[in-house]
Number of protein chains: 2
Amino acid sequence: MRITSSIEYATRLMVTLAAEHGGDPVPAERLAEADNVPADFVSQILVKLRRAGLVTSHRGSAGGYALSRKPAEITLAQVVRAVDGAVFEEVCGRYEVGAKDCRHQGQCAISPVWTKLGELVTRYFEDVTLAAILEQKAGACGAPPEWLEKLASGK
Amino acid sequence: MRITSSIEYATRLMVTLAAEHGGDPVPAERLAEADNVPADFVSQILVKLRRAGLVTSHRGSAGGYALSRKPAEITLAQVVRAVDGAVFEEVCGRYEVGAKDCRHQGQCAISPVWTKLGELVTRYFEDVTLAAILEQKAGACGAPPEWLEKLASGK
DNA sequence: TCCATTCTTGACTAAAACAGTCAGGAATGA
DNA sequence: TCATTCCTGACTGTTTTAGTCAAGAATGGA
C-alpha cells in the first residue's frame with residue numbers, strides 16, 4: 001500500500017499553486033522546477049487537474065495555471081480522484097466487490113474489513129485541505145482529531 | 001490505493017485456517033478450493049506466511065498447514081507484512097523519504113500528510129485480528145472504536 | 001522398501017500499472 | 001506574425017502483479 005508518484009506530484013503542484021493563489025497564473029515549466037517534477041509529466045497531471053475542475057489554465061504569454069477556488073475549498077480527496085479516479089479501490093479476491101462471480105457475496109467475512117479501511121482512508125483525504133497543508137497546522141496537516149472522534153463515536 | 005489480490009488471498013487463507021484452528025492440518029489444495037484461490041498461487045503465499053512464522057507446515061499424507069498460534073494473536077498487519085513486506089510504503093516524489101537527493105528534506109510540507117496516513121492504516125491493520133474477523137464482531141471487524149479514540153486524543 | 005501425498009524452491013511468463021517522453025498542433029497576447 | 005504556453009494523444013521502458021510450471025524432498029502408510 002503506497003502513494004504513487006502521480007499523487008505526490010499532483011499534491012505538490014497544488015500546494016505550490018495554493019501558495020501563489022491570488023497572484024499571476026504559474027506556467028507548467030515553473031511548477032516543474034519549483035516542485036522537482038519532470039517537466040513533461042507535469043503537463044499530463046495538470047490536464048487531469050483541469051478536467052476535474054480543480055485548476056484553470058490560460059494560454060499564451062503570461063499564461064499558466066491557477067487554482068479554480070480557494071485553497072481551503074480543495075481537499076486531497078479531490079486531487080487524488082482527479083489523478084487516480086478513486087481514493088480507494090476495493091476488490092474481492094479475483095473479482096470486484098459485488099461481481100456476480102464472487103463466491104463470498106453477501107456472506108463474506110473479509111469484505112467489511114476492506115470497506116472500513118476504505119472509509120478511513122477516504123475520510124482522511126477528504127479532511128485534509130490545501131490550506132491546511134500550507135499552514136502546516138499541527139492538527140490539520142495529518143489527522144484532524146475532530147473527525148477521528150466522530151468516527152470513533154460511530155458517525 | 002488498493003488491496004492487492006495477494007493480500008486478499010492471504011487474509012482469506014488465514015481466516016480459513018483460523019476457523020480450523022485446533023483440528024488437523026489443512027492441505028494447500030483444500031485451502032485453494034475453499035477460498036477460491038488459484039491452486040498454484042496458494043503455495044506461494046503459504047510459503048511466505050510460513051517464513052514469517054504465522055503458519056506451520058507438515059509434509060506427507062495427512063500433512064498441510066495450520067496456524068502457529070491462536071487466531072486472537074495474529075493481526076492483519078502481520079499477514080500483510082509477511083506477504084508484501086510492509087503495510088504502508090512512503091515515498092517523497094522521485095525519492096524515498098529521507099533520501100539525500102530529496103529536495104524537500106526537513107522542510108517538506110507534504111511528507112507529514114503521508115506519514116499520518118501511514119500511521120492510520122498501520123494502526124488499523126494492527127488492531128484487526130483473525131479472531132475478530134472470524135467472530136464478525138461489529139466493532140472488531142472494521143475499525144475498533146477504542147483505538148480511534150486513542151488516536152483522536154493524541155496517542 | 002515402495003509409494004502416494006504433500007510441501008519446497010525457483011524459474012518462467014503474460015498482462016497491467018507506473019513513470020515518464022515526445023511530437024505536432026492550437027490558442028493567446030504582445 | 002511571432003514567441004509563449006497550453007493541449008492532445010501516442011509511444012516507450014520498467015516494475016509490479018498475478019499467476020504457471022516443473023523438478024525435487026520429506027513424510028507416513030501399505
Side-chain angles (χ1 to χ4, degrees), chain A residues 1-13 17 24-33 35-66 68 80 83-86 88-89 91-96, chain B residues 1-13 17 24-66 68 80 83-86 89 91-96:
Chain A
M1 189 154 256
R2 55 183 266 272
I3 296 295
T4 63
S5 294
S6 294
I7 299 293
E8 238 278 333
Y9 291 161
T11 306
R12 281 226 287 258
L13 299 176
L17 286 176
D24 296 328
V26 186
E29 197 173 353
R30 190 146 78 73
L31 282 172
E33 282 170 24
D35 290 326
N36 194 24
V37 180
D40 289 312
F41 201 25
V42 155
S43 306
Q44 272 199 24
I45 296 170
L46 286 168
V47 163
K48 289 184 182 177
L49 293 170
R50 181 180 55 76
R51 285 182 183 155
L54 299 179
V55 302
T56 57
S57 62
H58 290 282
R59 299 202 235 200
S61 50
Y65 291 89
S68 62
V80 172
V83 173
D84 264 11
F88 189 89
E89 184 191 353
V91 293
C92 189
R94 330 173 78 151
Y95 316 106
E96 290 188 17
Chain B
M1 189 155 257
R2 54 184 266 271
I3 296 294
T4 62
S5 293
S6 294
I7 299 293
E8 238 277 334
Y9 291 161
T11 306
R12 281 228 285 259
L13 298 176
L17 287 177
D24 295 328
V26 186
E29 196 173 354
R30 191 147 78 73
L31 282 172
E33 281 171 25
D35 289 327
N36 194 24
V37 180
D40 289 312
F41 200 24
V42 155
S43 306
Q44 272 199 23
I45 296 169
L46 285 169
V47 163
K48 289 184 181 177
L49 293 170
R50 181 180 55 77
R51 286 183 183 152
L54 299 179
V55 302
T56 57
S57 61
H58 290 282
R59 299 201 234 200
S61 51
Y65 292 90
S68 62
V80 172
V83 173
D84 264 11
E89 184 191 353
V91 293
C92 190
R94 330 172 78 150
Y95 316 105
E96 289 189 17

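First the proteins, then the strands, lettered A, B, ... as listed; each starts at 1.
At least one side-chain heavy atom of B:V47 sits less than 4.5 Å from a side-chain heavy atom of B:R51. Contact of the A:V42 side chain with the A:L13 side chain is registered, since non-hydrogen atoms from C-beta on lie closer than 4.5 Å. At a threshold of 4.5 Å between non-hydrogen side-chain atoms, the residues A:M1 and B:T4 do not count as touching. With a 4.5 Å cut-off on side-chain heavy atoms, B:Y9 and B:Q44 do not count as touching.
At the phosphate of C:dC7, neither OP1 nor OP2 sits under 4.0 Å from any side-chain N or O atom of B:R30. Remark: B:R59 is not in phosphate contact with D:dG29, judged by side-chain N or O atoms under 4.0 Å from OP1 or OP2. Contact between the side-chain N/O atoms of B:S43 and the OP1/OP2 oxygens of C:dC7 is not found at any separation under 4.0 Å. B:S57 has no side-chain polar atom (N or O) that falls below the 4.0 Å cut-off from OP1 or OP2 of C:dC7. For D:dT17, the OP1/OP2 oxygens have no side-chain nitrogen or oxygen of B:Y9 closer than 4.0 Å.
Heavy atoms of B:R2 sit under 4.0 angstrom from primed sugar atoms or phosphate atoms, though from no base atom. Residue contacts shown for B:S6 are limited to sugar-phosphate atoms, with no base heavy atom under 4.0 Å away.
For A:F41 and D:dT12, the CZ to C1' distance is 14 Å, given to the nearest whole Å. In this structure, the CG atom of A:N36 is 14 Å from the C1' atom of C:dA19, given to the nearest Å. At whole-Å resolution of the value, CD1 in B:I45 and C1' in C:dT9 are 16 Å apart. If you take CG of A:L13 and P of D:dC6, they are 12 Å apart, rounded to a whole angstrom. Between A:D84 atom CG and C:dA19 atom C1' the separation is 12 Å, expressed in whole Å. Between B:D40 atom CG and D:dA22 atom C1' there is a gap of 10 Å when expressed in whole angstrom units. Between A:R50 atom CZ and D:dT5 atom P there is a gap of 17 Å when expressed in whole angstrom units. Summarising the geometry, the separation between CG on B:L17 and P on C:dC7 is reported as 11 Å, rounded to the nearest angstrom.
Separating the CZ atom in A:R12 from the CG atom in A:L17 is a distance of 13.5 Å, to the nearest 0.5 Å.
With hydrogens and angles left out, the side chain of A:E29 and the base of D:dT4 share no donor-acceptor pair within 3.5 Å.
Each of B:G63 and B:R51 was assigned the nucleotide of DNA chain C with the nearest heavy atom; the assignment lying further toward the 5' end belongs to B:G63. In this structure, A:G60 and A:I3 both approach DNA chain C, and ranking their closest nucleotides by distance from the 5' end singles out A:I3.
For A:P27, the side-chain atoms get nearest to D:dT5 when compared with the rest of C:dT21, D:dT5, C:dT8.
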